[in-house]
Peer 1: 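Dropping a structure here in structure tokens format, bear with me for questions.
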Amino acid sequence: MESNRRTFIKSLSAASALVATETIAKPFGAPAYIPNLMKISPNDKIRFATIGMGIQGNFDTQSALRNPDVELVGCADLYTGRLEHAKTAYGKDKDLFTTRDYREILARPDIDAVIVVVPDHWHDHITIAALKAGKNVYCEKPMVQHLSEGKAVIDAWKKSGKTMQVGSQRISSAAFKEAKRLVEAGEIGQINYIESNNDRFNAIGAWNYSIPPDASTQTVDWDRFLGDAPKRPFDEKRFFRWRNYKDYGTGVAGDLFIHLITGVHFVTNTLGPTRIYSSGNLAYWKDGRDVPDVMSCIMDYPKTDQHEAFQMVLRVNFANAGKINDVTRIIGNEGQIEFSENNLIMTKKKLPIAPGYGGYDSFFTFTEPVQQEFVKKYDAQYPPDTRTAEPVKEIRFEAPKNDDPSAKHFADFFDNVRKGSQGTLEDPVFGFRAAAPVLACNESYFEQKVVHWDPVTMTQQHPITKETTSKPMAEKKSTAKKA
């Protein structure tokens, strides 16, 4: 298989070179698409490329490589220094293809899959282009930057027949899977409330990442980075700290709420909320960013066949100087589950059938004859065995020390690539149903309104008539992306 594949690739080298040359010669034209002509044998290596070699791009690449029978063959990034670093880190024993033009990656027939780890405003465009080019796609969260972009990605995925996984890796952890099992088994009864938070208090955690001294228009492809974002002169902070700006990122909602809500959707089998409202402010990191560093959001989830109606509250605080304990807490009428990526605590507590009387109760305000009559009726209605609650139970779960959620998330992706299946753990439909509520958080925050959402049809609704609308989260993006 290996030699035949190499021969096939070699035979296409001239055509590939021609496509790449034409792409470079016409940098602002439409990308050239080459159909994926090769089927992947279960015994063959999956060859992938990473588009975006920043912090998460490197972590994702390393996680992917912790799986057997996969090989990194190419990298794309808009900063030359990262491409040079990639050659050192991943290409010591081979020629690693690197480019500042992601379309050259898509034009290579020897690449089976791409990992898309770029600023959020590029997610939909590169993902759609990759699917049209016949590539399997692993796209980092959030899948899209605006509510209006989700269905186009889903449509492109369905038409392509390719495998796609959205990268919110925590749901592949052992603790999240155990939480899901406990909820489905009815261990905490009917869910009524969920709260989840992710706080930080340090500069790097607040996205003030290090900027290389050689950052300039010579080492950075600034125009390509901007894409369809507003045009402005080169700004190294906006390039290397893009999460701080709503032109390119999705703020704390898209970076951190998305992990929290993805976990909740996975554990509870919910489709999403119908009402979203958020508030917050820029409390500490007043460094030129235009997104909040403190945000809370309330979401209303309707009753479905999978669960009762419940409320969810999310919070991120980048200015938390106190004790930080980032957990998700799912509360039911028979207990609660408190979990993070590595561990879980379930507390079971059921009320007795009998309500009891006395103490801070109106019983003492009755006259003595009425009290006697009350006790007589109470004893007849509630026999002794209904008056004692079950003992409180606490069950703890610790993830195995070798649990590797990121590598396992990629394992699910690669397994489905080999099978030619679209049934990943976090496919684009799941990914958009998780992304849409957090993008609605941003719309609620910046426009100071309640956002109404239909989680079944994945469509935003008018707040009064509930009629569907195609109005995007904030400023409507152009559908044409500057390549």
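The shown structure was predicted, so the numbers you read here are calculated from the model rather than taken from an experiment. Only heavy atoms go into these numbers, but all of them, side chains included; no hydrogens, no water, no symmetry mates.
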Peer 1: Which heavy atom of G332 sits nearest to which heavy atom of N192, and what is that distance?
Peer 2: C-ND2, 3.7 Å
Peer 1: Walk me through it: do E443 and K449 pass the test side-chain contact (heavy atoms from CB on, under 4.5 Å)?
Peer 2: CA-CA 8 Å; E443 181 170 325; K449 68 177 186 181; 2.8 Å; yes
Peer 1: In the structure I gave you, are the side-chain heavy atoms of F397 and M346 within less than 4.5 Å of one another anywhere?
Peer 2: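 They are not in contact (no side-chain heavy atoms under 4.5 Å apart), so the answer is no.
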Peer 1: Where do Q145 and G249 come nearest, in terms of heavy atoms and distance?
Peer 2: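 Distance-wise, the nearest heavy atoms are NE2-O, 3.2 Å.
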Peer 1: State the CZ-CG distance between R200 and L256, to the nearest 0.5 angstrom.
Peer 2: 4.5 Å
Peer 1: Indicate whether any N or O donor in one side chain lies under 3.5 Å from an N or O acceptor in the other, for S63 and H409.
Peer 2: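 No donor-acceptor contact under 3.5 Å links the two side chains.
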Peer 1: Look only at the side chain of T163 and the backbone of S421, and say whether a donor-acceptor pair between them is shorter than 3.5 Å.
Peer 2: yes
Peer 1: Evaluate whether atom NE2 of H307 has more than 12 neighbouring non-hydrogen atoms of other residues, nucleotides or ligands under 6.0 angstrom away.
Peer 2: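 It does: H307 NE2 has more than 12 such atoms within range.
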Peer 1: Answer yes or no: is there a side-chain heavy-atom contact under 4.5 Å between N136 and F413?
Peer 2: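 Yes; the side chains approach each other to less than 4.5 Å.
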Peer 1: Verify, without hydrogens or angle tests, whether N333 (side chain) and Q190 (backbone) share a donor-acceptor contact under 3.5 angstrom.
Peer 2: yes
Peer 1: Can you measure from CD (Q306) to CG (N269) and round to the nearest 0.5 angstrom?
Peer 2: 5.0 Å
Peer 1: Can a side-chain donor-acceptor contact be found between Q422 and D427 if the only test is distance below 3.5 angstrom?
Peer 2: no
Peer 1: Could D44 and R418 be called an ion pair, given the rule that one side-chain N must be under 4.0 Å from one carboxylate O?
Peer 2: no
Peer 1: I need the minimum non-hydrogen distance between P273 and P455, along with the two atoms involved.
Peer 2: O-CD, 3.7 Å
Peer 1: I'd like to know whether CD of E394 has more than 12 heavy-atom contacts from other residues, nucleotides or ligands below 6.0 angstrom.
Peer 2: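 Yes, because the 6.0 Å sphere around CD of E394 holds more than 12 heavy atoms from other groups.
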Peer 1: Carefully, step by step, assess S172 and D412 under the rule side-chain contact (heavy atoms from CB on, under 4.5 Å).
Peer 2: CA-CA 9 Å; S172 288; D412 179 66; 5.5 Å; no
Peer 1: Could you tell me whether F374 and Y357 have their ring centroids closer than 6.0 angstrom?
Peer 2: yes
Peer 1: Would the number of heavy atoms belonging to other residues, nucleotides or ligands and lying under 6.0 Å from NZ of K180 be above 12?
Peer 2: yes
Peer 1: Assert yes or no for the condition that the ring centre distance of Y245 to H121 is strictly below 6.0 Å.
Peer 2: no
Peer 1: Can you name the nearest heavy-atom pair linking E140 to H123, along with the distance?
Peer 2: O-CE1, 3.2 Å
Peer 1: May I ask you to say whether K419 pairs ionically with D415, meaning some side-chain N is under 4.0 Å from a carboxylate O?
Peer 2: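 Looking at K419 and D415, the cut-off is met.
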Peer 1: Less than 3.5 Å apart, any donor N or O on the side chain of D287 or N244 sitting next to an acceptor on the other?
Peer 2: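 No pair is found: no donor N or O on one side chain lies under 3.5 Å from an acceptor on the other.
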Peer 1: With heavy-atom distances below 4.5 Å as the criterion, would you say the side chains of D69 and F414 are in contact?
Peer 2: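 No, side chains not in contact.
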Peer 1: Can any side-chain N or O of D290 pair as donor or acceptor with the backbone N or O of K246 at less than 3.5 Å?
Peer 2: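 Yes, the answer is positive, given that a donor and an acceptor are paired below the 3.5 Å cut-off.
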Peer 1: Could you state the interatomic distance from CD1 (I331) to CD1 (I194), rounded to the nearest 0.5 Å?
Peer 2: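 Between I331 CD1 and I194 CD1, I get 9.0 Å after rounding to 0.5 Å.
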Peer 1: Would you sort out whether T274 and Q461 count as a side-chain contact (heavy atoms from CB on, under 4.5 Å), showing the intermediate values?
Peer 2: CA-CA 9 Å; T274 53; Q461 296 186 312; over 6 Å; no
Peer 1: After noting the C-alpha distance and the side-chain angles of N208 and R289, does the key distance pass the side-chain contact (heavy atoms from CB on, under 4.5 Å) rule?
Peer 2: CA-CA 10 Å; N208 283 341; R289 69 183 64 198; 3.3 Å; yes
Peer 1: Evaluate the side-chain proximity of L314 to S196: yes if any heavy-atom separation is below 4.5 Å, no if none is.
Peer 2: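 Yes; the side chains approach each other to less than 4.5 Å.
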Peer 1: Would you say that more than 12 heavy atoms from the other residues, nucleotides or ligands in this model lie under 6.0 Å from the CZ of F59, or not?
Peer 2: no
Peer 1: Does a side-chain heavy-atom distance below 4.5 Å link I51 with V118?
Peer 2: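 Heavy-atom side-chain distance check passes, below 4.5 Å.
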Peer 1: Set out, in order, the CA-CA distance, both residues' side-chain angles and the distance that settles salt bridge (Lys or Arg N to Asp or Glu O under 4.0 Å) for D379 and R387, then state yes or no.
Peer 2: CA-CA 10 Å; D379 289 345; R387 305 181 190 185; 2.9 Å; yes
Peer 1: Restricting to non-hydrogen atoms, name the atom on V429 and the atom on W157 that form the minimum distance, rounded to 0.1 Å.
Peer 2: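 In terms of heavy atoms, the two residues are closest at CG2-CZ3, 4.0 Å.
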Peer 1: Below 30° counts as parallel, above 60° as perpendicular, anything between as tilted: where do the rings of H265 and F430 land?
Peer 2: perpendicular
Peer 1: What's the separation between atom CD in E334 and atom CD in E390, rounded to the nearest 0.5 Å?
Peer 2: 8.0 Å
Peer 1: Under 4.0 Å between a side-chain nitrogen and a carboxylate oxygen: does that hold for E178 and R181?
Peer 2: yes
Peer 1: What heavy-atom pair brings V313 and Y193 nearest, and what distance separates the two atoms?
Peer 2: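 V313 and Y193 have their closest heavy atoms at CG2-OH, 3.5 Å.
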Peer 1: Can you tell if the side chain of T262 reaches within under 4.5 Å of the side chain of R170, non-hydrogen atoms only?
Peer 2: no
Peer 1: Strictly distance-based, threshold 3.5 Å: is any side-chain N or O of T50 a donor or acceptor partner for the main-chain N or O of M53?
Peer 2: no
Peer 1: To the nearest 0.5 Å, what is the distance between CD on E398 and CG on N343?
Peer 2: 5.0 Å
Peer 1: Among F318, F240, W242, W285, which residue meets the ring-ring contact (aromatic ring centres under 6.0 Å, His included) test with W207?
Peer 2: F318
Peer 1: Just by distance, with hydrogens left out, do T250 and D120 show a side-chain donor and acceptor under 3.5 Å apart?
Peer 2: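 The criterion, which ignores hydrogens and geometry beyond distance, is satisfied for D120 and T250.
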Peer 1: Would a 4.5 Å heavy-atom cut-off, applied to side chains only, mark T127 and M164 as touching?
Peer 2: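 Yes, their side chains come closer than 4.5 Å.
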Peer 1: With the side chain counted from C-beta on, respond yes when C441 and M299 share a heavy-atom pair under 4.5 Å apart, and no when they do not.
Peer 2: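 Counting from C-beta outward, C441 and M299 do come under 4.5 Å.
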Peer 1: In terms of side-chain geometry, is the basic nitrogen of D247 or R238 positioned less than 4.0 Å from the acidic oxygen of its partner?
Peer 2: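 R238 and D247: salt-bridged.
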Peer 1: Give a yes or no on whether the backbone of E426 and the side-chain of Q165 come within a donor-acceptor separation of less than 3.5 Å.
Peer 2: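 Answer holds: yes.
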Peer 1: Kindly indicate, with the supporting measurements, whether the criterion side chain to side chain donor-acceptor pair (under 3.5 Å) is fulfilled by Y90 and N58.
Peer 2: CA-CA 10 Å; Y90 307 104; N58 275 272; 2.8 Å; yes
Peer 1: How about I395: does its CD1 atom have over 12 heavy atoms from other parts shown lying under 6.0 Å from it?
Peer 2: yes
Peer 1: Pair D112, K45 - check salt bridge (Lys or Arg N to Asp or Glu O under 4.0 Å), show working.
Peer 2: CA-CA 9 Å; D112 306 304; K45 281 189 176 182; over 6 Å; no
Peer 1: Rounded to the nearest 0.5 Å, what's the gap from NZ on K237 to CD1 on I211? Could you check?
Peer 2: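 The distance works out to 6.5 Å.
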Peer 1: Got a sec, which residues hit ring pair (Phe, Tyr, Trp, His ring centres under 6.0 Å) with H259, two or more places apart in sequence or on another chain?
Peer 2: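 Once residues adjacent in sequence are excluded, H259 has no partner under the ring pair (Phe, Tyr, Trp, His ring centres under 6.0 Å) criterion.
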